[in-house]
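Heads up, the thing below is written out as structure tokens.
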Amino acid sequence: MGETQDSITARPKASEEDAGSNGTAPKPTDFIRAIINEHNRTGRFGGRVHTRFPPEPNGYLHIGHAKSVCLNFKIAADYKGLCNLRMDDTNPVKEDLEYIESIIRDVRWLGFDWDDRLYYASDYYEKLYCFAVELIRRGKAYVCDQSPEEMRQFRGTLTEPGRESPYRNRSIEENVTLFELMRAGEFKEGEKTLRAKIDMASPNLNMRDPVTYRILHTTHHRTGDKWHIYPMYDFAHCFSDSIEGITHSICTLEFEDHRPLYDWYLDVLEAYHPQQIEFARLNLTYTVMSKRKLLQLVQQKYVNGWDDPRMPTISGMRRRGYTPEAIRNFCERIGVAKNDSMVDVELLEFCVREDLNLKSPRRMAVLKPLKVVIENYPEGRTEEFEIPNHPDVPAMGSRKVPFSKVVYIERDDFMEDPSPKFFRLGPGKEVRLRGAYFVTCTGVKKDTATGGITELTCTYDPATRGGDAPDGRKVKGTLHWVSAEHSIEASINLYDRLFRVPNPEGGEEGTDFLSYLNPGSLSVLTGCRLESSLADADPEITYQFERQGYFCADPGSAPKGGLVFNRTVTLRDTWAKIEKGKPSSEPPKKAAKEQKARPVSQPEKASADTISIDEFGRIDLRVGLIREVSLVEGSSKLLKLMVDVGEERLRQIFAGIRPAYPDPDDLLGKKVAVVANLKERQMKFGLSQGMILAGGEGERMGIVTLNGDPKPGDKIS
RNA sequence: UGGGGGAUCGUUCAACGGUAGGACAGCGGACUCUGACUCCGUCGAUCAAGGUUCAAAUCCUUGUCCCCCAGCCA
């Protein structure tokens, strides 16, 4: 893996002594390693560290799993221990061979190795069965005839104890016999279970005689029809860990109150006893992480399979062009703790860019072509420019890029009436075509019907061959380009976040996460023009299309449909930020950013279950002019606004935006978006007659303000 | 109202009784044949109230808020 990250974040030497007598602990910081260090100090596991990554093969691995994979494998590596890969396959109803294969592929792709230690809980079924029998013999388990319904009723509630099952006191012999019959398939599903005999009054619901084995007449993907009973997670997991000699059984927080059960099973049978440690699972903004929801997205076709590049799955990210190094690095940076956390997806994107910037060969590709004819360039002439594959890594070599009289540039790189800050092409302006010549725009051709720009004419300066002017004159802008005649056509998938909101799982009660799907998460660009060297692009390689972002050939759609590229991630785009912030909205910050619909135009394949225009139309959005602003006494958050929405009277609106406006007078005269048909609301401070649109929280809040010269009361469409 | 966890810059991780630090994001600037990269600067936090102490994010008390648990899922 060759990460140097560790040494960067590690504390200096002094802490190394945490490692204790065996001195193998290089990473002092996180709480898990602190526990391990303590174990090593006291000799609990004789200095041994053996972890495992135990996925259930009921779905594809996602970035949240990657966190766990990295944690387990890295801890093992750091302590010179081992990490097993174990399929936790105890529920044949949900599991599948396809998932097993994908998991193996993904963990390997992430860069981890388990030698020959690929295990399956199903390998232990026979042993587990014997453990269960022993449990019965020790009077610690019984066969129960209660139906699921009855069992639920007897379990009690969070605040009331449960009641004991009438079958709780069967004789050991009867239990053994019944359990054998369960195994033999003599009973119907749900007819009987094996239950641990613990304590129906325990405040921990997991200890109220939990089911240990249930009857399932389902063919198992590995053991076929051999078994009619399957162990439950708590039982199978602790003994699987125990059998494998795991020292540290690392899992997520929700298993914290399963730990007493984990410990109970092992203690009752006096088995080797690993230490379970729980950490907070990863949440990422603008996505969902639950396997159930991801499955739903796949099954209901909101995305095109588990490896859809918009999915947070490992296979989706691979297809999108993410690298294992970037993902591992991300997992390193987010750290590990017990706080519930929501990591900003921008950090992931940063890690991807960071890695890709170093190793992506540069190419030129025009996504939205605009034809440029260079008037003074000889007809029929072609020359080739030698352009480096990487500006900072000469070792990556160079390639020849053909140039001719007609080239394409990016439509966004031309403005007919540019602002002074726009240092790309405009009428009369001179720019550099990267690695080729300086050109000056001499003319603009338009479609007479639509007025849309169809073509540009330019002149070039032959003296600037290669991209430098001998007279030392500078140009502000450098554009990417392709020769019309030599370029190849491709379509490009632009991906944006799958959800419109940072936390699609945390919506108002009763709101389905699907309603937050981003209808613009995929936009397909056709007729893009690429430099010809991209014709046989290797899907394994992610290229940087200069000034655009990182892209890789889509392995899924290569064969017949022509060349298809996936956008991995955009380049940072400060210009877009300037542009966006330019017109009005004072503190656009996050508020504006979160609305960001990056794929600007283009046909969109709307794939989401969203509200319709009609529904949205029920909201009466009006232009409002802020006429008065005053502080609200007794509230640190509210401002009282008097807003002109084109009616005789001003509307009184209380807005919780004060933290963002230390000087509320800044708001005077601003044109804002007002929800005009909101039911009036009586607040402590007065009647609020509408709502203005804002985004963000606290100081990073911004209100939606309007450009141009709309009149108060104008409808916002 | 039971049990188990958790609260530190916008986000995330650290600080383990002794200067609240890093990363991402933001903002400003330098550089630039990618408005990229890089570099520099800057903004910015200890849930609250008490207490112990020369000294508290850290220890104690009380409170507040958030997450998880009533599958024959994992």
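By convention in this document, chain letters (A, B, ...) are assigned in the order of the sequence lines, proteins followed by strands, and residues within each chain are numbered from 1.
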Return no unless some side-chain N or O of [X] is found under 4.0 Å from OP1 or OP2 of [N].
| X | N | value |
| --- | --- | --- |
| A:T574 | B:A36 | yes |
| A:R547 | B:G35 | yes |
| A:R572 | B:G26 | yes |
| A:K338 | B:C67 | no |
| A:R155 | B:G71 | yes |
| A:R214 | B:A74 | yes |
| A:N339 | B:A7 | yes |
| A:S341 | B:U11 | no |

Would you mind telling me which of [options] lies closest to the side-chain atoms of [X]?
| X | options | result |
| --- | --- | --- |
| A:T478 | B:C73, B:U12, B:U34 | B:U34 |
| A:K577 | B:A14, B:C27, B:G71 | B:C27 |
| A:N357 | B:G5, B:U34, B:C37 | B:C37 |
| A:Y233 | B:U1, B:A74, B:C72 | B:A74 |
| A:T157 | B:U12, B:G3, B:A70 | B:A70 |
| A:F422 | B:G6, B:G35, B:A74 | B:G35 |

Work out how far the [atom1] atom of [N] is from that of [M], and round it to whole angstrom.
| N | M | atom1 | result |
| --- | --- | --- | --- |
| B:G28 | B:U52 | P | 48 Å |
| B:G17 | B:A56 | C1' | 7 Å |
| B:U11 | B:G4 | P | 28 Å |
| B:A15 | B:A45 | C1' | 13 Å |
| B:A55 | B:G41 | C1' | 33 Å |
| B:A25 | B:G18 | C1' | 32 Å |
| B:A14 | B:U58 | C1' | 13 Å |
| B:C9 | B:G22 | C1' | 12 Å |

Report which part of the nucleic acid [X] touches: base, sugar-phosphate, or nothing (heavy-atom distance under 4.0 Å, all strands).
| X | value |
| --- | --- |
| A:K291 | nothing |
| A:S147 | base |
| A:E150 | nothing |
| A:P260 | nothing |
| A:V475 | nothing |
| A:H237 | nothing |
| A:F423 | base |
| A:M151 | base |

Parallel, tilted or perpendicular, as decided by the 30° and 60° cut-offs, for the rings of A:Y125 and A:Y230:
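Rings of A:Y230 and A:Y125: perpendicular, as their planes differ by over 60°.
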Using the six-membered ring wherever Trp is involved, compare the ring planes of A:F255 and A:H258 and label them parallel, tilted or perpendicular (cut-offs 30° and 60°).
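A:F255 and A:H258: perpendicular rings.
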Dot-bracket for RNA chain B, 5' to 3', Watson-Crick and G-U pairs with both distances under 3.5 Å, [ ] for crossing pairs, | for partner on another strand, reads .((((((..((((....[..)))).(((((.......)))))....(((((..]....))))))))))).....
Any N or O donor-acceptor pair linking the side chain of [X] to the base of [N] at under 3.5 Å?
| X | N | answer |
| --- | --- | --- |
| A:R424 | B:G35 | yes |
| A:R362 | B:U34 | yes |
| A:D340 | B:G6 | no |
| A:Q548 | B:U34 | no |

Could you pull out all residues at least two apart from A:Y265 that satisfy side chain to side chain donor-acceptor pair (under 3.5 Å)?
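Side chain to side chain donor-acceptor pair (under 3.5 Å) list for A:Y265, sorted by chain: A:T212.
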Close side-chain approach of A:T287 and A:V345, heavy atoms under 4.5 Å:
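When only atoms from C-beta onward are counted, A:V345 and A:T287 do not touch, as no gap falls below 4.5 Å.
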With the side chain counted from C-beta on, respond yes when A:Q544 and A:L571 share a heavy-atom pair under 4.5 Å apart, and no when they do not.
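In short, these two side chains touch, coming nearer than 4.5 Å.
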Value in whole Å for how far the [atom2] atom of [N] lies from [atom1] of [X]:
| X | N | atom1 | atom2 | answer |
| --- | --- | --- | --- | --- |
| A:E149 | B:A70 | CD | C1' | 13 Å |
| A:I32 | B:A14 | CD1 | C1' | 15 Å |
| A:I35 | B:G5 | CD1 | P | 12 Å |
| A:N283 | B:C24 | CG | C1' | 17 Å |
| A:N206 | B:G5 | CG | P | 13 Å |
| A:M207 | B:G2 | CE | P | 20 Å |
| A:L571 | B:U38 | CG | C1' | 14 Å |
| A:F279 | B:C68 | CZ | P | 17 Å |

Under 5.5 Å between ring centres and under 30° between planes: does that hold for A:W575 against the base of B:G35?
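Aromatic stack with B:G35 present for A:W575.
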Taking all atoms of both residues into account, what is the closest heavy-atom pair of A:M396 and A:L358, and its distance?
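Scanning both residues, the minimum pair turns out to be SD-O, 4.3 Å.
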Candidates A:T570, A:T323, A:N357, A:D355 - the one meeting side chain to side chain contact (heavy atoms under 4.5 Å, CB included) with A:Y550
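Output: one option passes, namely A:N357.
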Enter syn or anti for the glycosidic conformation of B:G71, syn applying to angles within 90° of 0.
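Because its glycosidic torsion lies within 90° of 0, B:G71 adopts the syn conformation.
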With A:F179 via ring pair (Phe, Tyr, Trp, His ring centres under 6.0 Å) - residues at least two apart:
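With neighbours one apart ignored, the set is A:Y129, A:Y213.
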With sequence neighbours excluded, what pairs up with A:F279 under the ring pair (Phe, Tyr, Trp, His ring centres under 6.0 Å) test?
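For A:F279, no residue satisfies ring pair (Phe, Tyr, Trp, His ring centres under 6.0 Å) once neighbours in sequence are set aside.
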Taking the nucleotide of RNA chain B with the nearest heavy atom to each, does A:Y213 or A:Q544 sit closer to the 5' end?
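Comparing both residues, the 5'-ward one is A:Q544.
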Which residue lies toward the 5' end of RNA chain B, A:L347 or A:N91, if each is placed at its nearest nucleotide?
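It is A:L347 whose nearest nucleotide is closer to the 5' end.
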For a salt bridge (charged side-chain N to carboxylate O under 4.0 Å, His left out) with A:D209, tell me which candidate from A:R168, A:K197, A:R163 qualifies.
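Per the salt bridge (charged side-chain N to carboxylate O under 4.0 Å, His left out) rule, the option paired with A:D209 is A:R168, out of A:R168, A:K197, A:R163.
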Excluding sequence neighbours, so at least two apart, what forms side-chain contact (heavy atoms from CB on, under 4.5 Å) with A:E505?
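Applying side-chain contact (heavy atoms from CB on, under 4.5 Å) to A:E505 gives A:V288, A:S290, A:K293, A:N503.
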Excluding sequence neighbours, so at least two apart, what forms salt bridge (charged side-chain N to carboxylate O under 4.0 Å, His left out) with A:D257?
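Partners of A:D257 under the salt bridge (charged side-chain N to carboxylate O under 4.0 Å, His left out) test: none.
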